Amino acid sequence: MTETPDLDPEDRKIVTLARSARARNGVPEGAAVRDETGRTYVAGTVALDSLRLSALRTAVAMAVASGATSLEAAAVVTAAESASAEDLAAVGDLGGTGTPVLLAAPDGTVRETVPAP
């Protein structure tokens, strides 16, 4: 992974986990979220005939299903230039306005941090 200067170690961890989920599963995106207790949920893109979810929305759903009540941060590793409005909204629904979403390139370099709406 290419190092991103000044990245908090806990944020670096979720970027690394998101990147490995993407690579391990051979999917377009990998994502990870950290909840209010420090637990981490990692997911890849879901592309079934009957169900399509981005990696980030899947990670948020996993956190909710496991009882998380808020998010501290989220990361998505993707070749896309930006996070979708739906992805940011999902993070905002659980994390609240301003929850940081780290958008990283496939090599793990964080391109930008976007606050959830």
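Note that the structure is a prediction, hence the values are computed from the model and not measured.
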Interatomic distance, [X] atom [atom1] to [Y] atom [atom2] [nearest 0.5 angstrom]:
X	Y	atom1	atom2	result
S82	L88	OG	CG	8.0 Å
R57	R52	CZ	CZ	12.0 Å
R34	K13	CZ	NZ	8.5 Å
R12	D8	CZ	CG	8.5 Å

| query | Should the pair R19-D107 be classified as a salt bridge under the 4.0 Å nitrogen-to-oxygen rule? | reply | no
Would you mind reporting whether [Y] and [X] have side-chain heavy atoms less than 4.5 Å apart?
X	Y	result
T97	T99	no
T69	E36	yes
V76	L102	no

| message | Quick check on side-chain contact (heavy atoms from CB on, under 4.5 Å): which of T113, L56, L71 does V101 satisfy it with? | response | L56
| field | Donor-acceptor side-chain pairing of E86 and S54 below 3.5 angstrom | value | no
| field | Within one Ile-Leu-Val-Met-Phe-Trp-Tyr cluster: V114 and V33, side-chain cutoff 4.5 Å | value | yes
| Quick one: do L53 and L103 end up in the same hydrophobic cluster if we chain Ile, Leu, Val, Met, Phe, Trp and Tyr together by side-chain heavy atoms under 4.5 Å apart? | no
